[in-house]
Amino acid sequence: MTYQQLKDDENRYVMNTYGRFPVALDHGAGATLWDVAGKKYIDLSSGIGVCSVGYDNPAVVNAITEQAHKLMHTSNLFTTAPMIQTAKTLVTKTGMGKVFFANSGAEANEGAIKLARKYSFDKYGAGRNKIVTLWNSFHGRTVTTLTATGQDKFHNYFFPFTEGFSYAHANDFASVESEIDDTTCAVMMELIQGEGGVLPLDEEFVCAVEALCRERDLLLLIDEVQTGVGRTGSLFCFEQYGIHPDVVTMAKGLGGGVPIGAVMAAQSCCDVLTPGTHATTFGGTPLVCASANAVLSIVANDDFLAEVRAKGEYLKQHILALGADSIQGVRGRGLMLGIIVEEGKHAQFASALLEKGVIALTAGKNAVRLLPPLTISYEEMDEALTIMKEVF
C-alpha cells in the first residue's frame, strides 16, 4: 500500500493520539530503515530506544523464531526457562537480588512504586507512603506514573490523580531534603532525564540523595527505562554513578523490539512482593524473554559496552566539529545524546533531518535527541553526520 492509502485507513480506524511523522516505515537492517516508497533513513531513534541491537538482528530473530515454535506464552502459574535465564543474567551482572517482569516501562515503575509502599507498610505500618520524584522527570502514562512525572503539562484532563507524590528540583539536595518527612517511603529518579531534555544528574547530588535514603530508611528507586541495558555505555547507568539502588526499573532496549519491562530489587527488599500482591498476565512470557536473552548475550559484555562509549564519543565530537552556529552543545552519556539548539527549534530540526533521511527525536524544550541502535556502524554514523552538516 502507498503512504497515502495507509494514512487514509489510519485516520479512519486508529485513535489520533500521536503526532506522527509523515512516513510509513516498511523494513530495516542494522540502523537503517526504508519506508513503503523505498526511501532510506539512518535511524538515530531505534523506536525511542527500543531496537537496541538494530533491525533484523540474526540473534534476536532466531531466538524469537525458535521460541515461537516451542512455546510463545503460558501463564505465570508455571515456570519457564527463558524467564529464569533473563532474571539470572540481570541479577548476576548487577549484584541485585531478584526480578519481576512486566510489559512496559510504565508498568515497571508502577511495580516499583507498589514495592516501595509495601516495604514501608510492612516495616512501619500505614501512613508512610509518599514518594519524592524530580521536576522535569518522566515515569510513564498510567494515572499513577503520570502523577509521579514531574511535568505540569502531563497533569491535566485525567483527574483525580493518585495521591502520595511530591517533587523536588534536580541537582538541588536541599530541595529533596525539604520534601522528605515522616510520610515518605522512597525517592524516585532518572539519572538522565530523557523526555525532559537529555539532562544528566550531577554525581555529587545523586550520591547525597542515596546517603539520605540510607539514613532515613527510604528506598532509592532508579528509573532506567531509557538509560538501561547498555544505552549509556554501561549495562545500567547507575553503575557510572557508583551507587547501589534498592530498585531499578527497565524496559525499552531489554527486549530488542518486543514489549518487556522489569523491576529489579536489591537483596534487602526483593521479597517484599509476595504471591497475590503483584502480577501480570503477559509479564515474563517465554517469547519476549527469549528475545531479551538474545539482547543480553550481545549487550552484557564489557567489550561491547566499551564500543558503545566509543561510538557515543565519536558521534558527540563529530557533531560538535560540524561547527554549526545552531548547535549550542551536546549532552548525555554513551549513545543517549541531546543536541542542544535554540529553544523551540528542536522540532524543526528533527523534521528537516527526517526529510533528508535521518530519524531523530526531540526532548524537553531544546534538545534533538539521539538514541541510535547500540550496534550502529561507523559508516551509518558518518552518513547521518553528512546529512546533519547540511541541516544544522
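Here, residue 1 is the first one in the sequence, and each next residue gets the next number.
- For Q193 and N136, the side-chain atoms include at least one donor-acceptor pair closer than 3.5 Å.
- Among residues two or more places apart in sequence or in another chain, the salt bridge (charged side-chain N to carboxylate O under 4.0 Å, His left out) test is passed with K7 by E10.
- To the nearest 0.5 Å, atom CE of residue M388 and atom CD of residue E390 are 12.5 Å apart.
- With a 6.0 Å radius and a threshold of 12 heavy atoms from other residues, nucleotides or ligands, D302 has its CG atom at or below the threshold.
- At distances below 3.5 Å, at least one donor-acceptor pair connects side-chain atoms of H155 with backbone N or O atoms of T149.
- In the hydrophobic clustering of this structure, Y241 groups with V187; members are Ile, Leu, Val, Met, Phe, Trp, Tyr whose side-chain heavy atoms approach within less than 4.5 Å, directly or through other members.
- Using a 4.0 Å cut-off between charged nitrogen and carboxylate oxygen, R12 and D8 do not count as a salt-bridge pair.
- The backbone N or O of F236 lies less than 3.5 Å from a partner atom in the side chain of S234, making a donor-acceptor pair.
- Two residues are said to be in side-chain contact when any heavy atoms from C-beta on lie closer than 4.5 Å; I180 and L218 meet this criterion.
- The side-chain heavy atoms of S268 and D246, taken from C-beta on, include a pair separated by under 4.5 Å.
- Annotation for E215: atom CD counts as buried by contact number, over 12 foreign heavy atoms lying within 6.0 Å.
- Donor-acceptor pairing under 3.5 Å is recorded for the side chains of T89 and Q85.
- In this structure, R117 forms no cation-pi arrangement with Y124, as its terminal cationic atom is not both closer than 6.0 Å to the ring centre and no more than 45° off the ring axis.
- By the 4.0 Å N-to-carboxylate-O rule, D217 lies close enough to K123 to be salt-bridged with it.
- For the pair E224 and K252, the salt-bridge criterion is not met [side-chain N within less than 4.0 Å of a carboxylate O].
- A distance-only check finds a donor-acceptor pair linking the side chain of Q240 to the backbone of T232 [under 3.5 Å].
- With respect to the salt-bridge test (charged N to carboxylate O, under 4.0 angstrom), the residues E195 and K365 do not qualify.
- The aromatic rings of W34 and H27 lie parallel to each other, with less than 30° between the two planes, well short of the 60° mark.
- Nearest heavy atoms, A148 versus S137: O-OG, 3.7 Å.
- Looking at residues two or more places apart in sequence or on another chain, you find a salt bridge (charged side-chain N to carboxylate O under 4.0 Å, His left out) between K130 and D181.
- Of the possible donor and acceptor atoms, one in the side chain of T147 sits under 3.5 Å from a partner among the backbone N and O of V143.
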Check against ring pair (Phe, Tyr, Trp, His ring centres under 6.0 Å), F161 and F159: CA-CA 5 Å; F161 284 100; F159 305 105; 5.3 Å; yes
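- For S120 (side chain) and C185 (main-chain N/O), no donor-acceptor pair under 3.5 Å exists by modelled atom type.
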Side chain to side chain contact (heavy atoms under 4.5 Å, CB included) between L219 and L115, intermediate numbers included: CA-CA 9 Å; L219 293 194; L115 190 156; 3.7 Å; yes
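- Using modelled atom types, no side-chain atom of K311 and backbone atom of G334 make a donor-acceptor pair closer than 3.5 Å.
- The side-chain heavy atoms of T94 and M264, taken from C-beta on, include a pair separated by under 4.5 Å.
- Side chains of T145 and T142: a donor-acceptor N/O pair is present below 3.5 angstrom, by distance only.
- The hydrophobic cluster containing L199 does not contain I192, counting ILVMFWY residues as joined when their side-chain heavy atoms lie under 4.5 angstrom apart, directly or transitively.
- In plain terms, the two heavy atoms of G230 and V308 that are nearest each other are O-CG1, 3.5 Å.
- Shown here are the ring pair (Phe, Tyr, Trp, His ring centres under 6.0 Å) partners of F304, two or more places apart in sequence or in another chain: there are none.
- Hydrophobic clustering, with ILVMFWY side chains joined whenever heavy atoms are under 4.5 angstrom apart, groups V295 together with L305.
- Ring planes of H73 and F282: tilted class, angle from 30 to 60°.
- A donor-acceptor pair under 3.5 Å is formed between the side chain of S46 and the backbone N or O of L371.
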Side chain to side chain contact (heavy atoms under 4.5 Å, CB included) evaluation trace for R231 with Q226: CA-CA 7 Å; R231 173 57 54 189; Q226 195 164 143; 5.5 Å; no
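- Side-chain contact check for Y55 versus T32: every heavy-atom pair is 4.5 Å or farther apart.
- Taking CG from L44 and CG from L315, the interatomic distance works out to 6.5 Å, rounded to the nearest 0.5 Å.
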Residues L370, L335; criterion side chain to side chain contact (heavy atoms under 4.5 Å, CB included); working and verdict: CA-CA 7 Å; L370 310 181; L335 284 171; over 6 Å; no
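- Defined by atom type and a distance below 3.5 Å, a donor-acceptor pair is present between the side-chain atoms of D35 and Y41.
- Salt-bridge check for R128 with D182: failed, with every basic side-chain N at 4.0 Å or more from each acidic carboxylate O.
- The shortest non-hydrogen separation linking N76 to T281 is ND2-O, 4.0 Å.
- Side chains of N109 and D223: a donor-acceptor N/O pair is present below 3.5 angstrom, by distance only.
- The same ILVMFWY cluster, assembled from side-chain heavy atoms under 4.5 Å apart, contains both I376 and V53.
- Here the straight-line distance linking atom CG of L287 with atom OG1 of T74 works out to 13.0 Å at 0.5 Å rounding.
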Stepwise side chain to side chain contact (heavy atoms under 4.5 Å, CB included) test for E307 and D303: CA-CA 6 Å; E307 186 68 10; D303 290 339; over 6 Å; no
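- What you find for C51 and G257 is that their closest heavy atoms are SG-CA, 4.4 Å.
- Between the T86 side chain and the P82 main chain, a donor and an acceptor come within less than 3.5 Å of each other.
- With hydrogens and angles left out, the side-chain atoms of E179 and T184 include no donor and acceptor closer than 3.5 Å.
- Residues N57 and I298 have side chains in contact (heavy-atom distance under 4.5 Å, counting atoms from C-beta outward).
- Side-chain atoms of Q5 and D9 include no donor-acceptor pair closer than 3.5 Å.
- Within the model, atoms OG1 of T17 and CZ of R20 stand 6.5 Å from one another, a figure rounded to the nearest 0.5 Å.
- Counting only heavy atoms from C-beta outward, the side chains of Y3 and V23 never approach each other to under 4.5 Å.
- One finds the OG1 atom of T280 at 12.5 Å from the CZ atom of F101 (value rounded to the nearest 0.5 Å).
- Proximity of C269 to V247: side-chain heavy atoms (C-beta onward) are separated by under 4.5 Å at one or more points.
- Both I319 and V341 sit in one connected hydrophobic cluster of ILVMFWY residues. Membership requires side-chain heavy atoms under 4.5 Å apart, directly or through other members.
- When only modelled atom types and interatomic distance are considered, E380 and S377 share a side-chain donor-acceptor pair under 3.5 Å.
- Separation of atoms CD1 (I222) and CD (E210) is listed at 8.5 Å; rounding is to 0.5 Å.
- Using a distance-only test at 3.5 Å, with no hydrogens or angles considered, no donor-acceptor pair links the side chain of D202 to the main chain of F205.
- Side-chain contact check for L354 versus I359: some heavy-atom pair is nearer than 4.5 Å.
- Distance alone, capped at 3.5 Å, places no donor-acceptor pair between the N103 side chain and the P259 backbone.
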